[in-house]
Each structure stands twice: as C-alpha cells, then as structure tokens.
Amino acid sequence: MADIGGHAIYKIEDTNMIYIPNDSVRITHPDEARYLRIFQNVDLSSNFYFSYSYDLSHSLQYNLTVLRMPLEMLKSETTQTRQESFDIFEDEGLITQGRSGVFGICSEPYMKYVWNGELLDIIKNTVHRDWLLYIIHGFCGQSKLLIYGRPVYVTLIARRSSKFAGTRFLKRGANCEGDVANEVETEQILCDASVMSFTAGSYSSYVQVRGSVPLYWSQDISTMMPKPPITLDQADPFAHVAALHFDQMLQRFGSPIIILNLVKEREKRKHERILSEELVAAVTYLNQFLPPEHTIIYIPWDMAKYTKSKLCNVLDRLNVIAESVVKKTGFFVNRPDSYCSILRPDEKWNELGGCVIPTGRLQTGVLRTNCVDCLDRTNTAQFMVGKCALAYQLYSLGLIDKPNLQFDTDAVRLFEELYEDHGDTLSLQYGGSQLVHRVKTYRKIAPWTQHSKDIMQTLSRYYSNAFSDADRQDSINLFLGVFHPTEGKPHLWELPTDFYLHHKNTMRLLATRRSYTYWWTPEVIKYLPLPYDEVICAANLKKLIVKKFHKYEEEIDIHNEFFRPHELSSFDDTFCLAMTSSARDFMPKTVGIDPSPFTVRKPDETGKSVLGNKSNREEAVLQRKTAASAPPPPSEEAASSSSEDDSGTDREDEGSVSQRSTPVKMTDTGDSAKVTENVVQPMKEVYGINLSEGLSEEDLSIYLRFEQLGQSQHRQDKSSQQFCSRCPDGVIKLTPISAFSQDNIYEVQPPRVDRKSTEIFQAHIQASQGIMQPLGKEDTSMYREYIRNRYL
C-alpha cells in the first residue's frame with residue numbers, strides 16, 4: 001500500500017484461523033462456535049495494515065528522532081529477555097557472531113493504536129519477536145507527485161484508536177480514562193522518492209487528530225429518529241474526563257493543543273449547542289491552571305451556518321484558520337532550511353512555529369478537530385489544514401518558491417482525492433456509509449447528481465446505524481479484549497449494554513483520585529512544548545531496546561524487499577508505477593509549455609477520467625498500456641459524476657494500490673491515429689525554444705566534465721576500479737553523507753597532492769608576496785645553463 005524510506009507497508013488481504021492443539025485433546029464448549037462467529041465478524045481484510053520493519057503506531061517524527069539516538073546512550077538501559085536470547089538462525093547453520101550482526105534500536109509500539117495488542121499480550125513474553133506482528137486499523141494511501149520528472153511521494157496514514165472503539169451512535173463522547181470515540185490520528189508524509197533512505201533522504205510529516213467531544217454524552221437510538229437527542233450522562237463540574245484526555249494529548253504531541261469545534265452554535269431547538277457550551281466550560285476551567293504559554297486554544301466555528309450562507313465562502317474561512325494553526329504547531333522535517341530560503345526568506349516562513357533543531361524542525365502541538373460525528377465536516381476541515389501544511393512541506397524541501405497551493409492544480413487534485421478516500425474509509429468504519437458532504441460540496445461545484453447520491457448515503461448510514469451496528473459493536477468488544485468470556489457470568493449477547501465494560505470505574509472504586517487543579521502529569525508539563533514521549537529521559541529509555549539482527553534477515557534487507565529479485569515481475573506490477581500519479585492521472589494529455597503540477601488548470605483540462613465500472617486488475621493494466629492513445633479527458637463534473645457511481649465496496653475489493661490509480665478511457669483503433677498526431681508536437685511548442693543544430697566546443701567540454709562527474713558519483717566499472725587501485729590520488733571521490741547539507745548532496749573529497757607539488761605552490765604564493773626562496777644547487781646549475789645557451 002505504501003513505501004516509506006524503503007520500508008513496505010502492507011494491507012491484510014486474507015486471514016485464516018488455525019486451531020493449534022491436536023483434535024484428540026480438543027475440549028469443545030457449547031458456546032465456542034457462537035463466540036467464534038462473533039470474533040470473525042471483524043473483517044481483518046478491511047483496512048488493517050502492518051509493516052515488518054516500520055513502526056506504524058508511531059509518527060514519522062518519533063521514528064526519525066527517538067529511534068536514531070546513538071547506541072551508547074542505551075547500553076546501560078538494555079536488557080536481554082528470553083526471546084532475545086533465542087537465535088532463530090541457529091537452525092539454519094548461520095553464524096551470528098562477528099561482523100554479520102546489525103544493531104538497531106526498537107521501541108515498544110504505542111498500544112493505543114494497535115488493534116491486536118490484547119491478542120498478542122498472552123504470548124509476547126514466551127515466543128520469538130518474529131511472531132509478534134502489530135497491526136493498525138484505519139487508512140493508508142500513497143500517491144506520486146511528479147515535479148518535472150522528480151518523484152515526490154505523498155502518503156496519508158490514519159490510525160484509529162483501539163480504546164473506546166465502536167460504531168456511530170453506540171460510542172459517543174469519552175470513557176472514564178479519557179479515551180474518546182472515533183479518535184483517529186491522521187499523518188501526511190512527504191518524501192523525495194529520488195533518494196530512498198532515511199539517513200540521506202528528505203522527509204516531512206504533519207499530524208492532526210479527530211475525535212468525539214471529550215464529555216460524558218450519548219444519543220438514544222431507541223426512538224428511531226434520524227437525529228436522536230443529545231443527552232449528558234454525568235455531571236462533570238471539574239472536567240475530569242476532559243483533563244485525562246488532554247493530558248494524553250500533551251504527553252504525545254506537546255503544546256499547544258488547538259481545538260477546532262465545528263458543531264452548530266445557533267439552533268431553534270437546542271441540540272448540538274449542548275456540546276459546545278459544555279466544551280467551552282471544560283476548556284475554560286482547565287486553562288486557568290495551565291501556564292499561559294501552554295494553554296489550550298479553543299476555536300469555535302459554526303461550519304453549517306457558513307455553508308448555508310450565499311455570501312460566505314467556507315473554504316476561504318477554513319484556509320485562514322489553517323494558516324494560523326500550522327504557524328502555531330509547525331511541522332516535522334528532517335533537514336535544515338535550504339540555503340535559498342535563508343538568502344530569500346518568505347514572510348510566512350519566518351512566522352512558523354514548532355521547534356527548530358540543527359537537523360531540521362519538529363512539530364510541537366496538534367490540531368484536534370471535531371463536529372458531532374467527526375465525519376463530513378471534520379474531513380473537509382482536515383483537508384484544508386493538510387493542504388496548508390502540504391504547501392509548507394513542499395517549500396521546506398525546496399520544491400516550490402512560496403508556501404502556497406491553489407485549487408484546481410494537479411497537486412491539490414491529487415491530495416484532494418487522497419483525502420476523500422481517507423474520509424470515505426473512516427466514515428464506513430464508524431458511520432456505515434461513505435462521506436455525504438465532500439470538498440466539492442463545500443466549494444459548491446458538485447454536479448446536480450451529487451444530491452441524489454447524498455440522499456442514498458444518508459439512508460445507507462441510517463440503515464447501518466439502526467440494524468447492524470449492535471452486532472459490529474459486539475465483535476469489536478470481543479476482538480479488542482474488552483469482553484472476556486467467563487464461566488458463571490453472562491455471555492456477550494446477554495448483556496443489555498456495554499457501558500460497564502468501557503467505564504471501569506463503575507465496577508470498582510479507583511484507588512487514587514487526580515487533583516482537580518493540577519490535572520496534568522508532572523513530568524509532561526516539565527518538557528513542554530516538546531512532547532514527553534519524544535524527550536530523552538529515563539522513563540522513555542526503558543521503552544527502547546537495542547536489538548541485533550542478522551545481515552541476511554529479510555526485515556532489514558530493504559533492497560530485496562523493494563525490488564524482489566527472486567520473483568518474476570513486470571513493470572505493470574511494480575508498486576511505484578502502479579500508484580496514482582499526477583502526471584498520468586491528473587495532468588492534461590496535451591501539456592503544452594507548462595507541465596508543472598502547481599499550475600491552475602480549467603475544469604475541462606484535467607486528465608482525470610474514469611470508466612463506468614472498474615472490473616479487475618488486468619483491465620486496469622491494459623488501460624495503462626493504452627494511456628498513450630487515450631482521447632481528451634472529459635470535464636471535471638462529468639468525471640466526478642461518473643466516478644461517484646462506483647460503490648465503496650468496489651473500491652475496496654481491488655485490494656492493491658492500483659485500486660486508487662485512475663484508469664483512462666479505452667479508444668478504438670480509428671481514434672488512436674488522430675491522437676498520436678496530436679501527441680507529437682513541435683519542439684518550439686513543447687519547450688519554448690528550438691535547439692541549435694550543433695554544439696560549440698565550450699558547451700561540449702562543459703557537458704563532458706559533468707558527465708565524468710556523474711560517472712564517478714554513481715558507478716565505477718571494473719576498469720575504473722583498476723585505475724583507482726593504481727593511482728588513487730588522481731581521482732575525485734564523492735562520499736555520501738548522512739544528511740543533506742545546505743547547498744549540496746555529496747561531500748567532495750579533493751584529490752591528494754604530493755609534497756613536492758605543495759612546496760612549489762607555497763613558494764609561488766610567497767614569491768607573489770616578495771618572499772623569495774634561497775636558490776639550491778639544481779636551480780643554480782639550471783640558471784648557468786640558461787645563461788650559457790643564451791649569451792655565450
């Protein structure tokens with residue numbers, strides 16, 4: 001599904017349950033079959049992801065800062081457990097001593113976003129670590145943005161929380177531990193794909209969060225109403241549950257915590273406004289005890305009211321909010337500011353927040369967006385904030401000259417499609433249907449057929465909430481270990497409610513009660529604005545383990561993982577070619593003189609075209625092969641109306657990255673000849689200039705010098721290696737360094753100069769300063785020989 005620094009991210013396609021003990025010793029239980037059916041209702045082939053070598057539960061900022069600290073800092077903290085002492089390579093006859101071992105730092109996964117943590121908890125101390133494969137639930141998508149041929153990967157990862165997880169009307173608000181319903185952490189990662197390495201590549205990320213309003217509230221669905229009334233279940237005058245929730249956020253993200261509340265504020269009948277009033281009171285109470293520089297920022301904005309108004313532009317207002325948010329939190333980038341940005345700084349760039357370190361920038365704080373369901377309005381708001389952050393990320397990597405992106409460009413269209421797939425997937429998981437209101441709806445450019453589709457999605461969501469959500473909730477409770485079958489106690493299907501399972505304080509009294517004023521963890525407030533999880537302290541060092549890998553281990557063999565030389569493959573099946581590409585799927589077929597993905601195009605110029613029904617992978621491959629002979633694309637409205645005919649299940653059934661790659665229309669043989677004539681254009685029209693017939697000697701010599709430089713930089717054949725072994729002092733060596741410097745990629749080692757040449761050069765410099773060297777015997781004899789030949 002994605003590739004981050006050479007680490008592959010996979011999606012679960014199929015699972016199988018295997019009974020390990022022998023059937024002869026199997027003891028059957030009358031309720032086992034029913035529990036097994038409920039357990040298997042959690043479809044693991046639907047949006048569950050894992051990676052063998054990359055920690056998906058943590059952000060890229062955590063993985064590239066905490067996990068790259070020197071090993072010497074952990075020598076005193078490392079311990080060897082039972083599974084580490086076991087050598088899996090002993091049975092293969094491989095020796096793990098000497099130089100064959102590779103050391104690396106591993107961290108414990110962030111269990112809040114791990115969905116099989118409860119299942120693996122029983123065996124993690126008794127089996128080898130290779131048996132432990134943690135999975136996340138949510139969304140993962142990756143697209144390729146081609147900037148004049150330079151590939152830039154845009155990745156979107158959504159991690160759904162496994163705490164207080166469930167369906168729409170059955171899980172609202174928060175539980176007694178501060179975990180909220182429908183909590184999803186969305187991370188957008190931007191990387192320069194021309195260098196596939198964490199040590200030498202350029203990477204940037206931005207994280208934002210969505211989640212239900214952190215209060216004790218619910219909705220009664222027994223009334224069979226489209227909008228059940230909102231009720232506050234418990235009085236919380238000291239904002240105890242909100243304090244627990246924001247303490248978790250300060251520990252993971254740092255400060256400032258910014259709340260964007262999109263619920264309605266003006267209503268004829270009090271409905272959503274109940275949540276706004278309680279949330280304002282909770283934030284006001286908590287802020288009076290925090291230091292002024294770390295207070296929670298609260299931004300209320302009635303998005304529905306602005307949508308109905310004909311005079312107000314919703315996205316313009318969201319863009320202003322997004323700019324202020326990104327400037328406060330900053331973003332992560334693993335390289336220092338480029339030299340050109342230092343010479344010609346942008347006004348907006350100088351106002352950027354976050355934490356600046358010698359190796360780049362860190363994001364401090366996070367935006368938390370919520371409406372009532374955290375689906376439609378929240379996804380659009382997150383898209384606008386992500387679009388603003390994407391502009392800053394592109395600017396930090398030196399790919400655009402100003403941190404600003406406009407609508408109707410290939411880059412924004414690609415990013416918008418990525419976010420709509422992200423929103424559809426999260427909406428199906430929590431609400432039972434795809435998004436009802438999309439970005440085009442709020443831009444007011446959606447086609448008229450979209451309204452009927454919105455009605456169908458609303459009906460689908462209502463049906464799912466009324467009839468199937470209860471069974472899904474039981475499956476989630478059993479899968480996550482919230483409910484454990486116990487002899488003598490009621491079964492899962494006999495419980496009238498699962499309220500007592502998720503609120504543990506209702507079953508027993510808590511041993512300690514947190515302070516009403518000092519509601520935060522003392523260690524967390526000490527390191528703000530940095531997140532406590534990413535600082536170097538004794539508690540965090542205990543979570544890190546130095547592990548030894550064998551050099552033949554597949555987990556660290558990025559080359560074989562990406563290229564797979566042991567398999568018979570073709571270019572059409574290669575992941576980097578199959579993913580959605582801005583040049584193939586969004587750029588107009590007739591580019592003209594401006595192929596930039598940051599150029600604003602008219603709606604009828606887009607290269608996006610979709611078939612009526614995407615059948616299978618082979619047909620998509622065939623369509624990609626005929627892309628060169630495709631006709632001019634339809635307008636954006638026609639394309640969007642045809643693409644929305646596809647159901648959500650059709651998109652998910654393809655199961656590979658090509659599910660999001662957009663095919664082109666098939667053409668007959670008669671039209672292909674005409675299109676071929678249009679593709680071949682004069683050089684003047686494409687490049688704006690006509691190349692001269694011949695090159696001058698000076699230009700040719702410059703080209704040859706650059707060619708030699710490129711050869712010594714990337715490859716050396718056997719003859720050049722033999723030449724280097726004979727005279728190594730005459731070759732310029734280019735050594736890759738661990739991170740990009742300000743103005744170059746490679747550190748150049750100048751050729752060595754022998755001692756005699758150095759003395760001649762120094763004497764030449766001193767002679768220019770009037771300091772003459774004494775003449776030696778050779779110089780005197782040479783001078784006499786010159787006088788004799790000239791005058792005698």
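Only a predicted model underlies this, so the values are computations on that prediction, with no experimental measurement involved. Just so it is clear, the values below take in all heavy atoms, side chains as well, and ignore hydrogens, waters and symmetry mates.
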Intermediate values then yes/no, side-chain hydrogen bond (donor to acceptor under 3.5 Å, both in side chains), Tyr206 and Gln393: CA-CA 9 Å; Tyr206 183 77; Gln393 290 176 284; over 6 Å; no
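- Figure legend: cation-pi geometry between Lys387 and Tyr419 absent, as NZ or CZ is not positioned both under 6.0 Å from the six-membered ring centre and within 45° of its axis.
- Side-chain atoms of Leu414 and Asp410, non-hydrogen and from C-beta on, never get closer than 4.5 Å to each other.
- Between Ser581 and Leu146, the shortest heavy-atom contact is OG-CD1, 3.8 Å.
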Pair Arg210-Leu426, side chain to side chain contact (heavy atoms under 4.5 Å, CB included): steps then yes or no: CA-CA 11 Å; Arg210 68 171 69 182; Leu426 297 182; 3.8 Å; yes
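- Checking side-chain atoms of Thr441 against main-chain N and O of Arg438 turns up a donor-acceptor pair under 3.5 Å.
- In this pair, Tyr306 and Trp301 present their aromatic rings tilted. The plane angle is within the 30 to 60° band.
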CA sep, side-chain torsions, deciding dist, call: Ser202, Ser204, side chain to side chain contact (heavy atoms under 4.5 Å, CB included): CA-CA 7 Å; Ser202 298; Ser204 176; over 6 Å; no
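- With respect to Asp3 and Lys144, no salt bridge is recorded, no charged nitrogen being found less than 4.0 Å from a carboxylate O.
- The line from CD1 of Ile9 to CE of Met1 is 9.5 Å long, rounded to the nearest 0.5 Å.
- Distance check, rounded to the nearest 0.5 Å: CG of Leu260 to CE of Met303 gives 9.0 Å.
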Asp302 and Lys308: CA distance, side-chain angles, deciding distance, salt bridge (Lys or Arg N to Asp or Glu O under 4.0 Å) verdict: CA-CA 11 Å; Asp302 191 345; Lys308 296 176 182 178; over 6 Å; no
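- Contact annotation: the side chain of Pro597 never approaches that of Phe586 to less than 4.5 Å [non-hydrogen atoms, C-beta and beyond].
- Listed for the Tyr203 side chain is no donor-acceptor partner under 3.5 Å among the backbone atoms of Cys191.
- With hydrogens and angles disregarded, a donor-acceptor distance shorter than 3.5 Å links the side chain of Arg472 to the backbone of Gln429.
- Gln61 and Glu534 share a donor-acceptor pair across their side chains, judged by distance under 3.5 Å alone.
- Looking at Phe598 and Ile147, their side chains come closer than 4.5 Å, going by heavy atoms from C-beta outward.
- For the pair Leu190/Leu390, a side-chain contact is recorded, criterion being any heavy-atom separation below 4.5 Å from C-beta on.
- Note that the OG atom of Ser59 and the CD atom of Gln363 stand 8.0 Å from one another [nearest 0.5 Å].
- A donor-acceptor pair under 3.5 Å is formed between the side chain of Ser57 and the backbone N or O of Tyr110.
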Stepwise side chain to side chain contact (heavy atoms under 4.5 Å, CB included) check, Leu36 with Met17: CA-CA 10 Å; Leu36 191 61; Met17 294 189 67; 3.4 Å; yes
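- Panel note: side chain Gln473, backbone Thr167; a donor-acceptor pair is recorded below 3.5 Å.
- In terms of modelled atom types and a separation under 3.5 Å, the side chain of Glu272 and the main chain of Val372 share no donor-acceptor contact.
- By the 4.0 Å N-to-carboxylate-O rule, Glu183 lies too far from Lys163 to be salt-bridged with it.
- Not a single donor-acceptor pair under 3.5 Å links the side chain of Ser218 to the backbone N or O of Arg172.
- The OG1 atom of Thr580 lies 12.0 Å from the CG atom of Leu145; values are rounded to the nearest 0.5 Å.
- The main-chain N or O of Ile38 is found under 3.5 Å from a side-chain atom of Ser475 such that the two form a donor-acceptor pair.
- Taking every heavy atom of both residues into account, Tyr113 and Ile136 meet most closely at O-CG2, 3.4 Å.
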Evaluation steps, side-chain hydrogen bond (donor to acceptor under 3.5 Å, both in side chains), between Asn63 and Tyr54: CA-CA 8 Å; Asn63 290 334; Tyr54 183 80; 3.3 Å; yes
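- Of all non-hydrogen atoms in Pro214 and Ala242, the two that sit nearest each other are O-CB, 3.8 Å.
- Nearest heavy atom pair, residue Val241 against residue Ala174, reads CG2-CB, 3.5 Å.
- Each of Arg252, Arg368, Arg160 was checked for a salt bridge (Lys or Arg N to Asp or Glu O under 4.0 Å) with Glu185, and the lone residue meeting it is Arg252.
- The one candidate from Leu262, Leu275, Val263 that meets the side chain to side chain contact (heavy atoms under 4.5 Å, CB included) condition with Asn370 is Val263.
- Across His502 and Asn477, no two heavy atoms sit closer than the pair NE2-OD1, 3.1 Å.
- Interatomic distance, Phe383 CZ to Leu156 CG, rounded to the nearest 0.5 Å: 11.0 Å.
- Results of the side chain to side chain contact (heavy atoms under 4.5 Å, CB included) test with Ile157 over Ile189, Thr186, Val207, Leu60 single out Ile189 as the only residue that passes.
- The OG atom of Ser161 sits 5.0 Å away from the NZ atom of Lys112 when rounded to the nearest 0.5 Å.
- At least one side-chain heavy atom of Asp179 sits under 4.5 Å from a side-chain heavy atom of Gln248.
- The shortest side-chain heavy-atom distance between Trp115 and Val42 does not fall under the 4.5 Å cut-off.
- For Asn334 (side chain) and Gly201 (main-chain N/O), a donor-acceptor pair under 3.5 Å exists by modelled atom type.
- Between the side chain of His58 and the backbone N or O of Glu108, at least one donor-acceptor pair lies under 3.5 Å.
- Proximity of Tyr134 to Asn116: side-chain heavy atoms (C-beta onward) are separated by under 4.5 Å at one or more points.
- Among all heavy-atom pairs drawn from Gly423 and Asn379, the shortest one is CA-OD1, 3.2 Å.
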Candidate pair Ile135 and Leu44, rule side chain to side chain contact (heavy atoms under 4.5 Å, CB included), full reasoning: CA-CA 10 Å; Ile135 62 176; Leu44 288 176; 4.2 Å; yes
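- Counting heavy atoms from C-beta on, the side chains of Asp533 and Gln251 come closer than 4.5 Å.
- Ring geometry for His7 versus Phe198: interplanar angle under 30°, hence parallel rather than tilted (30 to 60°).
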